[in-house]
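Order of the sequence lines sets the chain letters (A, B, ...), proteins ahead of strands, with each chain counted from 1. Bear in mind that the values here come from a model prediction, so they are computed numbers and not experimental data.
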There are 2 protein chains.
Amino acid sequence: MLDKSHKHVSCATCQARKKSLFSANFDENLSHLEEHKSCSYFKKNQPLFIEGSFPRGVYCLNQGKVKVFARGDEGKEQIIHIAKEGEIIGFRAMFSGDMYKVSATALEDANICFISKDDFLDMIDTNPTLRNGIMRELSKELGDRAVFITNMAQKSVRERLAAALIILDDVYSGEQINLTREDLANFVGTATETLIRLLKDLKEEGVIDIHTRKLEIIDKDKLMKIAGGR
Amino acid sequence: MLDKSHKHVSCATCQARKKSLFSANFDENLSHLEEHKSCSYFKKNQPLFIEGSFPRGVYCLNQGKVKVFARGDEGKEQIIHIAKEGEIIGFRAMFSGDMYKVSATALEDANICFISKDDFLDMIDTNPTLRNGIMRELSKELGDRAVFITNMAQKSVRERLAAALIILDDVYSGEQINLTREDLANFVGTATETLIRLLKDLKEEGVIDIHTRKLEIIDKDKLMKIAGGR
DNA sequence: ATAAAAAAATGACATACATCATCTTTCGTT
DNA sequence: AACGAAAGATGATGTATGTCATTTTTTTAT
């Protein structure tokens, strides 16, 4: 279980960091990062930042998943991304100069480090490797979202659900997917009831198994086939 | 009418440039840009680059609009963006290191300048202003796409059409919108037939006027209302 | 000017999905 | 352990939108 206090995580030993943008060629900057970051414990459902506010810094996920979502006109959430350990989130709005277009909320109890805007921009300016990493990340996400938009526009809900499960299987690194039906529906872009029915179908087809809230993927190949063409 | 030859456009006098990322604090770099760019004439429907290929450089639109689109599993186009004069396109994949996730095609006869990958990356490295502009642009687009995804997931086709027309009114800077019904449908994310019917509805409601292929916006306020809530 | 090709328009029809209402199960708190 | 609240599940119903087929209009090329 996670320590409930403000646990200070050392960047030097942080496992999550090694998979992050702070990984390569970063040894000489580690102490700087170490000094300027602060760690906090986020309870499940606690927001990191909220759409419409201005960014104060970036968040580095040490432990726990975070949903990144926008709200439609009726307030319904559309989950854009589910971030896992090692990811750095919230930097988009720091470069665009405008407010957050999305919100981020902890999906489970989490350990998250914070680096202030000034410190982060400083590091970007002085560290070309980090900067290139950020630019690569921005670009990669931009490509991902083009695909996301296309899937939204052209795939059926069933296909999108299959695609979402494949993505989530990776996010949860083989662990069982642990999301409320509502969050899953808001990721796929459908009504909760529809999602529940389609999950049941997939279960009956032997593609997944449902353990109450947790979803286990049984037949990934079939899932990919469903997600793919018609 | 546009000159059909390889017209060399001078960056110094290029009107489009002034609205572009190459605008601010760029005087001392103008000659460099001038030397390293090449101009070409693109015929309507001529591709600039194609999904799956690797980027060779960036394209700077001097005259003429360009559609940026992805293809779904069945090959159907999903238009992600319609670029107008002054925009620079195709740089995403240069930073991500991977292939284009989208294609770009001239929507009309166009004058487009090209800057090779090496030259462009060079400029990025040595010119912080340009670099920041690029980062701002990447970030802004990323935010736009979060909204795009949300609209796709939550709005009706009619609402999306209204939203698209508002965007296009800006792209065409008050000129009449000039797109095939199919392209418009592929931007809105719907079937061509559905789009045609909804356009007719809007016309009957006095919101737009249809001059064969060209669309004129009559009542923008009403359009915004339709695009907005329910 | 005319033919051929592409785009636009219209109608008929089928269905995937949203919505609303209700019920059951699970979870979190005291 | 027990209560209330949240999450999950199921059924009934309506409709927005996709699909297919055909016709009309516009554009392009010879």
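- The separation between A/Gln154 atom CD and C/dC17 atom P is 14 Å, rounded to whole Å.
- By the 6.0 Å contact criterion, NZ on A/Lys214 is open, its count of non-hydrogen atoms from other residues, nucleotides or ligands being 12 or less.
- Contact check on B/Lys76 versus B/Asp73 returns no salt bridge, with no Lys/Arg side-chain nitrogen under 4.0 Å from an Asp/Glu carboxylate oxygen.
- In this structure, B/Lys65 pairs ionically with B/Glu85, as a charged nitrogen and a carboxylate oxygen lie closer than 4.0 Å.
- Using cut-offs of 30° and 60° on the angle between ring planes, the pair A/Tyr100 and A/Phe49 is parallel.
- The distance between atom CG of B/Asp201 and atom C1' of D/dA16, rounded to the nearest whole Å, is 12 Å.
- Between A/Lys76 atom NZ and C/dC17 atom P the separation is 14 Å, expressed in whole Å.
- Contact annotation: B/Lys200 does not reach the phosphate of C/dA9 (side-chain N/O to OP1 or OP2, under 4.0 Å).
- In the region residues 187-197 of chain A, proximity to DNA chain C at under 4.0 angstrom, judged on heavy atoms, holds for A/Thr190, A/Ala191, A/Glu193, A/Thr194, A/Arg197.
- Rounded to whole Å, atom P of D/dA16 lies 12 Å from atom CD of B/Glu159.
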Notebook entry, point to check: After noting the C-alpha distance and the side-chain angles of B/Ile166 and B/Asp170, does the key distance pass the side-chain contact (heavy atoms from CB on, under 4.5 Å) rule?
Noted result: CA-CA 7 Å; B/Ile166 292 167; B/Asp170 180 55; over 6 Å; no

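- Using modelled atom types and a 3.5 Å distance limit, the side chains of B/Tyr41 and B/Asp109 yield a donor-acceptor pair.
- Between B/Ala106 and B/Val66, the shortest heavy-atom distance links the atoms CA-CG2, 4.2 Å.
- Of the candidates B/Glu141, B/Glu87, B/Arg145, B/Glu87 is the only one forming a side-chain hydrogen bond (donor to acceptor under 3.5 Å, both in side chains) with B/His81.
- Over its length, the helix from C/dA1-D/dT30 to C/dT30-D/dA1 turns its helix axis by 60°, as judged from the five terminal pairs at each end, rounded to 10°.
- Residues A/Arg160 and A/Arg213 each lie close to DNA chain C; by heavy-atom proximity, the contact nearer the 5' end of the strand is made by A/Arg160.
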